[in-house]
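This report concerns only the one structure given below.
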Amino acid sequence: MANEVKKFVQELGYQPLEDRCIIIKYAPENLSEQFVAFFNSEFYVLQMCEHEIVLLPFNTTWGNLRKDISLVLPYEDIQSVELEDVKLNTVITIRTRSDTIRLTTQQAELSDLRSSGIYATIYAGFFKNWHKENLEGTLAALKRQGTRCV
């Protein structure tokens, strides 16, 4: 995990799980939103913590991580997690008691050439892509959270 991500999450009062962070965006609902989302550069770090998932936003101007939490989702609120490969991304659908949250993450195979790889290497050095390294384990851990309540 990038030390900067871990440090920010701890300073904000959460206990990050090692190697359970990836880079995500909110997933578009339809073709029109997909077109707009292509030009949208609002990326987040999804960090799994001891009791919750937190999203930390990147600064869209400078590309650095903002010391801010955009979303806190306690595990106890998660009812299901679905993963679906769509083109070059994986869509993560998290259903809670009151909402559905759709996120998208860039698949590992091309991550080095895409935005997730660029953002991931900013904090780890140009030859270490923690998004790519963490993706499979983080998606599996998210999926397990969705089966706890079934």
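- Distance check: D68 CG to L55 CG gives 11.0 Å after rounding to the nearest 0.5 Å.
- With sequence neighbours excluded, the residues satisfying side-chain hydrogen bond (donor to acceptor under 3.5 Å, both in side chains) with D85 are T90, Q107.
- Atoms CD and OG, from Q145 and S80 in turn, are 12.0 Å apart once rounded to the nearest 0.5 Å.
- In terms of the side-chain contact (heavy atoms from CB on, under 4.5 Å) criterion, residue partners of Q10 (sequence neighbours excluded) are, by chain and number, K6, P16.
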As a quick check of understanding, evaluate side-chain contact (heavy atoms from CB on, under 4.5 Å) for L73 and E52, giving each step before the final call.
CA-CA 5 Å; L73 181 60; E52 60 276 302; 5.8 Å; no

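- The shortest distance between side-chain heavy atoms of I53 and I78 falls below 4.5 Å.
- Every residue two or more places apart in sequence or in another chain was checked for a salt bridge (Lys or Arg N to Asp or Glu O under 4.0 Å) with K7, and none qualifies.
- With sequence neighbours left out, A141 forms a side-chain contact (heavy atoms from CB on, under 4.5 Å) with R20, M48, R144.
- Residues F8 and V45 form no side-chain contact, since every pair of their non-hydrogen atoms from C-beta on lies 4.5 Å or further apart.
- Under a 3.5 Å cut-off, the side chain of K25 and the backbone N or O of E42 do not form any donor-acceptor pair.
- Side-chain contact check for Y44 versus L71: every heavy-atom pair is 4.5 Å or farther apart.
- Of the inter-residue distances, the one linking L135 atom CG with I22 atom CD1 reads 5.5 Å to the nearest 0.5 angstrom.
- If you take OG1 on T105 and NE2 on H131, they are separated by 3.5 Å, rounding to the nearest 0.5 Å.
- One finds the CG atom of N134 at 9.5 Å from the CD1 atom of I23 (value rounded to the nearest 0.5 Å).
- Using a 4.5 Å cut-off on side-chain heavy atoms (C-beta onward), W130 and D19 make no contact.
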Going through the distances and angles, do L103 and Y26 end up as a side-chain contact (heavy atoms from CB on, under 4.5 Å)?
CA-CA 4 Å; L103 307 169; Y26 282 96; 3.7 Å; yes

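- Q47 places a side-chain N or O within 3.5 Å of a backbone atom of L17 that can act as its donor or acceptor partner.
- With sequence neighbours excluded, the residues that form a side-chain hydrogen bond (donor to acceptor under 3.5 Å, both in side chains) with E82 are R95.
- Listed here is the closest heavy atom pair of Y75 and C49: OH-O, 2.7 Å.
- In this structure, CD1 in I69 is found 4.5 Å from CG in L12, a value given to the nearest 0.5 Å.
- Minimum interatomic distance between L139 and L83 (heavy atoms only, all atoms of both residues): O-CD1, 3.8 Å.
- The side-chain contact (heavy atoms from CB on, under 4.5 Å) check on Q15 picks up E50, with sequence neighbours excluded.
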